[in-house]
Amino acid sequence: MNSPKIAAFFAISLLTRLTFAADAPAPAADTSAPSAAPTAAPTAAVTAPTYPAEISTPLTDGQVIELFPEGVPGWKDIGPETLVRGAYTNISNPRLIVGLPKPGTPQNGTAIIFCAGGGYVHVAGPTGMNYLFNPMGVTMFNLIYRCKEFGAPAPQQDIMRAIRIVRAHAKEFGIDPNKIGVMGDSAGSHVAASGATLFDEPVGKTGNTTMDNISARPDFAILLFSVLTMEPPYAHGDSKNNLLGRNPTQEMIDQYSLEKHVTRDTPPTFLVHTQQDNTVKEENELMFYAALRKNNVPSELHLYAVGGHGSGLGPGYGTSNIWPKLCEEWMRINGWLPPSDTSLMPAARGGRGGAGGRGSAAAAAAASASTAQPAAPAATAAAN
């Protein structure tokens with residue numbers, strides 16, 4: 001790997017490492033949860049659905065896009081939103097914040113909706129992860145979703161409305177409606193994976209027929225150090241309590257244990273976890289991946305030996321520090337990123353075998369083979 005590639009990779013690695021540090025719970029945040037399991041929030045009265053609403057275009061970096069201009073479902077007055085140590089707390093106004101590639105970077109039509117973590121207590125504020133794929137021409141939308149003050153199904157409504165908004169406005173945004181992905185870390189992965197598994201279910205609908213009829217299925221998912229199950233013994237207790245309350249019914253546990261909702265229509269998924277994660281157990285990823293395999297969903301699981309929750313970057317974390325580059329290669333081989341001379345894989349460079357476009361047999365085979373051998377030795381260090 002030449003020196004420019006190394007410099008670019010470690011620049012991305014540093015930014016990503018900063019993000020996971022920001023994902024730690026804010027000390028001042030209240031981690032208490034309701035004493036009883038919340039019921040599904042009623043839908044707010046909707047006055048003359050106007051979606052697809054007008055949104056100022058072309059998009060600008062940092063632009064805010066409201067998710068529910070017709071009224072937030074189940075809205076209640078919980079007081080003002082606050083920013084505690086860089087984390088959004090007490091959120092009642094869910095929204096997207098646009099992250100654009102730097103001027104001069106060609107945009108390729110791919111979009112990623114990123115859900116930062118925070119245990120359903122808060123949403124970690126913007127750091128490197130929010131812009132991870134911007135240098136590759138990807139438009140990123142950072143989701144500020146509702147948390148424990150609302151509970152389920154509010155975060156699920158937020159991610160599915162976000163996907164529907166990006167898809168409804170794809171042409172105006174310069175987005176390919178068939179190249180919209182979700183990405184999450186920690187509890188944010190539960191939000192992102194809700195979109196990847198529950199996209200046809202009533203929990204994500206809000207009574208706005210115009211928007212509810214738009215597909216909320218993402219085209220791919222990237223899930224990192226993920227909260228995915230609500231079943232003991234592997235559920236993350238705080239996330240479960242904050243989303244479902246302290247005494248959820250078995251029906252609610254089943255509804256939000258997302259490994260139980262994987263089907264053949266679940267989009268291709270890239271999963272990352274470490275054996276040293278003592279906050280969220282690796283079984284979350286393992287059970288989800290087993291469900292993906294059972295349903296023949298082309299996916300990759302990258303499980304590493306070294307690194308705590310949200311870590312994996314920098315020389316102290318062994319082979320786990322290269323997952324961003326492996327994820328980039330996975331996106332190229334599937335056609336969500338264009339061929340590149342910086343790619344480690346011949347097919348992703350546009351050589352023999354082509355780019356492995358979405359839907360091709362070659363792409364499906366490559367995406368499903370988590371032990372596939374890259375052309376360059378630098379990528380073979382991953383413990384897949």
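Keep in mind the model is a prediction, meaning the values are calculated, not measured.
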(request) Check the pair Tyr234, Thr229 against side-chain contact (heavy atoms from CB on, under 4.5 Å), reporting the backbone distance first and the verdict last. (result) CA-CA 7 Å; Tyr234 301 123; Thr229 190; 4.1 Å; yes
(message) Has Ser194 got a side-chain atom pairing as donor or acceptor with Ala192's backbone, closer than 3.5 angstrom?
(response) no
(request) Just do the side-chain contact (heavy atoms from CB on, under 4.5 Å) check on Met140 and Met183 with the steps written out, would you? (result) CA-CA 10 Å; Met140 297 196 70; Met183 180 170 76; 3.7 Å; yes
(message) Around atom CD of Gln250, are there more than 12 heavy atoms from other residues, nucleotides or ligands closer than 6.0 Å?
(response) yes
(request) Could you tell me whether the side chain of Tyr131 reaches within less than 4.5 Å of the side chain of Pro126, counting heavy atoms only? (result) yes
(message) Just by distance, no angles: are the side chains of Gln255 and Glu201 close enough, under 3.5 Å, to form a donor-acceptor pair?
(response) yes
(request) Report yes or no: do Phe199 and Val262 belong to one cluster of Ile/Leu/Val/Met/Phe/Trp/Tyr joined by side chain heavy-atom distances under 4.5 Å? (result) no
(request) Quick one: closest heavy-atom pair of Thr110 and Met331, and the distance? (result) CG2-CE, 4.4 Å
(message) Do Met287 and Val191 sit in one hydrophobic cluster, given that two such residues count as connected whenever their side-chain heavy atoms are within less than 4.5 Å of each other, even indirectly?
(response) no
(request) Quick one: closest heavy-atom pair of Ile159 and Cys115, and the distance? (result) CD1-SG, 3.8 Å
(message) Taking side-chain contact (heavy atoms from CB on, under 4.5 Å) as the definition, give me every residue that meets it alongside Asp200, ordered by chain and number, with sequence neighbours left out.
(response) none
(message) If we ignore hydrogens and angles and just use 3.5 Å, is the side chain of Glu172 paired with the main-chain N or O of His169 as donor and acceptor?
(response) no
(message) Show, in sequence, the C-alpha distance, side-chain angles and deciding distance for Asn295 and Thr266, and conclude whether the side-chain contact (heavy atoms from CB on, under 4.5 Å) test is met.
(response) CA-CA 9 Å; Asn295 287 276; Thr266 300; over 6 Å; no
(request) State, with a plain yes or no, whether a side-chain heavy atom of Val98 is found less than 4.5 Å away from one of Phe173. (result) no
(message) Salt bridge or not between Lys260 and Glu231? Use side-chain N to carboxylate O under 4.0 Å.
(response) yes
(request) State whether the side chain of Asp185 and the backbone N or O of Ser189 hold a donor-acceptor pair below 3.5 Å, judged by distance alone. (result) no
(message) If we check side chain to side chain contact (heavy atoms under 4.5 Å, CB included) with Arg332, which of these qualifies: Arg349, Met136, Met345?
(response) Met136
(request) Taking atom types as modelled, find out whether Thr274 and Glu282 have a side-chain donor-acceptor pair closer than 3.5 angstrom. (result) no
(message) Can you give me the closest heavy-atom contact between Val227 and Ser239, atom names plus distance?
(response) CG2-OG, 3.9 Å
(message) Is it the case that the side chains of Thr206 and Gln157 hold a donor-acceptor pair, with the cut-off being a distance below 3.5 Å and no angle test?
(response) no
(message) Side chains of Val272 and Glu285, heavy atoms from C-beta outward: is any pair under 4.5 Å?
(response) no
(message) Side chains of Thr139 and Gln107, heavy atoms from C-beta outward: is any pair under 4.5 Å?
(response) yes
(request) Using a strict 4.0 Å threshold on nitrogen-to-oxygen distance, state whether Glu328 and Lys325 make a salt bridge. (result) yes
(request) Measure the spacing between CG of Leu271 and CG of Leu228 and express it to the nearest 0.5 Å. (result) 7.0 Å
(message) Quick one: does any side-chain atom of Gln63 pair with a main-chain N or O of Ser56 as donor and acceptor, under 3.5 Å?
(response) yes
(message) Main chain of Asp265, side chain of Arg217: is a donor-acceptor contact present, judged purely on distance under 3.5 Å?
(response) yes
(message) Please determine whether a side-chain nitrogen of the Lys or Arg among Glu70 and Arg161 lies less than 4.0 Å from a carboxylate oxygen of the Asp or Glu.
(response) yes
(request) To the nearest 0.5 angstrom, please state how far the CH2 atom of Trp336 sits from the CH2 atom of Trp330. (result) 4.0 Å
(request) Would you indicate whether the side-chain heavy atoms of Glu259 and Tyr289 approach each other to under 4.5 Å? (result) no
(request) Please assess His273 against Tyr304 for the test ring-ring contact (aromatic ring centres under 6.0 Å, His included), listing each intermediate value before the final yes or no. (result) CA-CA 6 Å; His273 217 111; Tyr304 301 97; over 10 Å; no
(request) For the pair Lys179 (side chain) and Gly335 (backbone), establish whether a donor and an acceptor sit closer than 3.5 Å, ignoring hydrogens and angles. (result) yes
(request) Please confirm whether the backbone N or O of Thr342 pairs with a side-chain atom of Ser340, one donor and one acceptor, at under 3.5 Å? (result) yes
(request) Determine whether the aromatic ring centres of His261 and Tyr256 lie less than 6.0 Å apart. (result) no
(request) Would you give the length of the straight line joining atom CZ of Arg293 to atom CG of Leu301, rounded to the nearest 0.5 angstrom? (result) 10.0 Å
(message) Between Val123 and Cys147, does the side-chain contact (heavy atoms from CB on, under 4.5 Å) criterion hold? Intermediate values first, please.
(response) CA-CA 8 Å; Val123 177; Cys147 295; 3.9 Å; yes
(message) Tell me the closest heavy-atom pair linking Glu329 and Leu344, and the distance in Å.
(response) OE2-N, 2.8 Å
(request) State, with a plain yes or no, whether a side-chain heavy atom of Ile113 is found less than 4.5 Å away from one of Pro218. (result) no
(request) Check the side chains of Asn178 and Asp219 for a donor-acceptor pair under 3.5 angstrom, ignoring hydrogens and angles. (result) no
(message) Can you tell me how the ring of Trp323 sits relative to the ring of Phe270, calling it parallel under 30°, perpendicular over 60° and tilted otherwise?
(response) tilted
(request) With rounding to the nearest 0.5 Å, note down the distance linking NZ in Lys205 to CG in Leu198. (result) 11.5 Å
(request) Calculate, to the nearest 0.5 Å, the distance between atoms CG and OG1 belonging to Asn90 and Thr82 respectively. (result) 6.0 Å
(message) Check this for me: Lys76, atom NZ, are more than 12 non-hydrogen atoms of other residues, nucleotides or ligands nearer than 6.0 Å?
(response) yes
(request) Examine His122 together with Tyr88 and report whether their ring centres are nearer than 6.0 Å. (result) no
(request) For the pair Thr105 (side chain) and Pro101 (backbone), establish whether a donor and an acceptor sit closer than 3.5 Å, ignoring hydrogens and angles. (result) no
(request) Check whether any side-chain heavy atom of Asp238 lies under 4.5 Å from a side-chain heavy atom of Tyr120, and answer yes or no. (result) no
(message) Strictly distance-based, threshold 3.5 Å: is any side-chain N or O of Asp61 a donor or acceptor partner for the main-chain N or O of Leu100?
(response) yes
(message) For Lys240 versus Pro232, what's the shortest heavy-atom pair and its separation?
(response) NZ-CD, 4.1 Å
(message) As an exercise, state the distance from CG of Asp277 to OG of Ser320, rounded to the nearest 0.5 Å.
(response) 11.0 Å
(request) List in chain and number order the residues that pass side chain to side chain donor-acceptor pair (under 3.5 Å) with Asn284, two or more places apart in sequence or in another chain; answer none if no residue qualifies. (result) none
(message) Is it the case that the side chain of Ser299 and the backbone of Thr269 share a donor-acceptor pair, with hydrogens and angles ignored and the cut-off at 3.5 Å?
(response) yes
(message) Can you pull out every salt bridge (charged side-chain N to carboxylate O under 4.0 Å, His left out) where at least one residue sits in residues 91-105? Sequence neighbours excluded, please.
(response) Glu81-Arg95
(request) Check Leu67 against Asp158 and note the closest heavy-atom contact, atom names and distance. (result) CD1-O, 3.5 Å
(request) Indicate yes or no: at least one non-hydrogen side-chain atom of Cys327 is less than 4.5 angstrom from one of Phe133. (result) yes
